[in-house]
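Below: the structure, in structure tokens.
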Amino acid sequence: MDQLLSKVAVIASKYLDNLKHDPVYPSSEALARLSQLDGTLPEIGTDPERVIDFLAAVGSPATVKSAGGRYFGYVIGGSLPAALAANWLAGAWDQNAFAVSASPLGARIEEVALRWLIEVLHLPGDSGGAFVTGATMASFSALAAARHALLSRLGWDVESDGLIGAPAINVIVGEEVHVSVLKALSLLGLGRERVVRVPADSQGRIRVDLLPPLTSSTLVCVQAGNVNSGAFDPIGDICARAQGVGAWVHVDGAFGLWATVAPSLAGLTAGIADADSWATDGHKWLNIPYDSGFAFVRNPVHLQRAMATNAAYYIHGDTREPGQFTPESSRRARGIEVWAALLSLGRKGLVDLIERTCRHARRFAAGLENAGFSILNDVVLNQVLVSFGPDERTRRVIEGVQADGTCWCGGTVWHGRAAMRISVCSWATTDNDVERSLASIISLARES
Ligand SMILES: *Cc1c(COP(=O)(O)O)cnc(C)c1O
């Protein structure tokens with residue numbers, strides 16, 4: 001075991017060191033060699049060291065180098081050093097975070113991490129939470145709590161009796177709702193298409209003037225951080241309306257919720273803490289390894305009632321049984337990396353991570369605008385949308401950027417126009433990475 005783990009540490013740190021100069025996207029040759037992994041499963045086992053050598057030789061060149069500082073595709077972070085190292089240690093520990101008795105450490109560190117998260121995100125102090133795989137499952141969990149709360153108020157026990165014959169819940173979403181929220185609604189039997197979609201403004205924000213009347217059986221799903229523009233719905237205004245009538249407001253803040261840590265972004269985040277539930281990711285802007293997301297619910301009883309496996313909703317004394325708050329039973333102890341990441345950053349480091357990546361985004365926007373290209377969004381966060389002129393040219397530039405390998409950016413469509421999307425989420429991105437990437441994008445765009 002000792003030799004194997006030492007070997008993998010050497011391989012991994014060389015890999016991470018090479019990110020400085022390796023192309024960000026794997027070559028087609030490296031991808032073609034993945035067929036070597038595709039043999040028939042042998043009858044006889046293979047020595048673990050040979051397994052790892054083989055895996056590293058074929059796998060490493062075929063990876064997308066999103067762990068480095070010049071990957072700006074989707075909304076994807078890297079892994080902070082302390083978080084990656086804690087993840088390895090947690091792998092060795094192999095704790096099952098389902099129950100206190102299965103892992104006192106897993107349960108305890110998750111409780112601490114939850115408290116720290118609630119503090120740094122400025123959520124209500126007695127909120128509860130669940131450590132899940134990502135923002136999709138975080139929204140699923142929080143919306144299950146919402147479904148429980150709204151229906152139990154109407155005298156319906158959805159956990160026991162299901163949705164067939166239940167009173168209606170009216171779900172309101174913004175026109176720019178993330179597909180994962182619609183997926184969560186569909187998994188919960190609330191339907192993707194049964195929702196009322198409120199039109200959005202030029203930045204993708206819900207238009208409050210077009211919000212239908214809210215009632216005590218309304219569930220409103222708002223967004224902190226549009227996946228294209230980075231814009232926030234007017235969450236404070238919507239919460240103010242909801243509070244009067246007892247509607248439930250759920251915030252999809254997969255990356256955007258992290259703006260709440262930065263005083264400089266207070267203008268965007270005002271009123272967010274007035275919502276009833278929040279979903280966010282650990283594996284995006286907090287830069288911890290996959291898979292990691294968090295559901296927070298103002299009144300944890302609703303989450304617990306939605307997720308508990310037995311009708312007694314048992315809590316042993318004051319002990320929080322983690323498995324009574326999550327859709328899963330057995331699972332890895334995700335709190336370990338969160339604890340390590342937050343301790344390594346400190347409050348200041350976390351604020352700096354968020355503000356620094358936003359600054360990089362503004363630098364991208366300014367550099368591209370100065371070079372004569374159009375920035376399509378107000379760059380309020382870490383997301384930049386750029387057009388290089390006619391749609392075909394923009395698409396050619398995106399292809400060129402992706403083939404060149406200096407950096408990697410994805411394409412999107414914004415208000416009917418093709419755009420390249422730059423999302424800066426990684427702790428590893430330096431000023432130099434931004435300048436190198438800008439120079440490469442601009443020169444490729446001029447040639448296109
Ligand atoms: C990424 C994202 C999600 C989904 O998160 P996963 O971690 O992939 O499940 C949901 N909403 C928004 C706004 C996102 O950016």
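Values reported hereafter were calculated over all heavy atoms of this structure, with side chains retained and with hydrogens, waters and symmetry mates removed. Start at 1 and go down the list; that is how both ligands and their atoms are numbered.
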With rounding to the nearest 0.5 Å, note down the distance linking CG in L182 to CZ in R194.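 Spacing of CG (L182) from CZ (R194) equals 13.5 Å.
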Kindly compute the distance separating CE (M420) from CG (L376), expressed to the nearest 0.5 Å.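 Nearest 0.5 Å value for the CE-CG distance: 11.0 Å.
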Quick one: which ligand 1 atoms are inside 4.0 Å of a heavy atom on [X]?
X    : result
V227 : 15 (O)
A254 : 2 (C), 3 (C), 10 (C), 11 (N), 12 (C), 13 (C), 14 (C), 15 (O)
G225 : 13 (C)
F255 : 15 (O)
G134 : 7 (O), 9 (O)

What do the steps show when you test S277 against H250 for side-chain hydrogen bond (donor to acceptor under 3.5 Å, both in side chains), and what is the final call? CA-CA 5 Å; S277 60; H250 170 67; 2.8 Å; yes
Give the residue and atom name of whichever protein heavy atom lies nearest to [atom], and the separation in Å to one decimal.
atom                    : result
atom 8 (O) of ligand 1  : T136 OG1, 4.2 Å
atom 13 (C) of ligand 1 : D252 OD2, 3.5 Å
atom 6 (P) of ligand 1  : A135 N, 3.5 Å
atom 14 (C) of ligand 1 : K284 NZ, 2.9 Å

For ligand 1, indicate whether the residue Y74 contacts it via side chain, backbone, both or neither (heavy-atom separation under 4.0 Å).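 For Y74, no heavy atom sits under 4.0 Å from ligand 1.
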For ligand 1, indicate whether the residue S180 contacts it via side chain, backbone, both or neither (heavy-atom separation under 4.0 Å).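 Contact part for S180 vs ligand 1: side chain (C-beta onward).
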Is R320 positioned over the aromatic face of F325, cation under 6.0 angstrom from the ring centre and no more than 45 degrees off axis?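 Ring-cation test returns yes.
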Going by the ring pair (Phe, Tyr, Trp, His ring centres under 6.0 Å) test, name the single residue among Y71, W408, F72 that passes it with Y25.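 The option that passes is W408.
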Using salt bridge (Lys or Arg N to Asp or Glu O under 4.0 Å) as the criterion, point out the one residue from R334, R115, R331 that pairs with E110.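 Of all the options given, the one that passes is R331.
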Return the orientation label for the W339 and W116 ring planes: parallel under 30°, perpendicular over 60°, tilted otherwise.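 Parallel: the ring planes of W339 and W116 meet at under 30°.
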Residue among T280, T357, I354, L381 satisfying side-chain contact (heavy atoms from CB on, under 4.5 Å) with F255: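 With F255 as partner, T280, T357, I354, L381 yield a single side-chain contact (heavy atoms from CB on, under 4.5 Å), made by L381.
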Assess H283 for proximity to ligand 1: is some non-hydrogen atom of it under 4.0 Å away?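 True for this residue.
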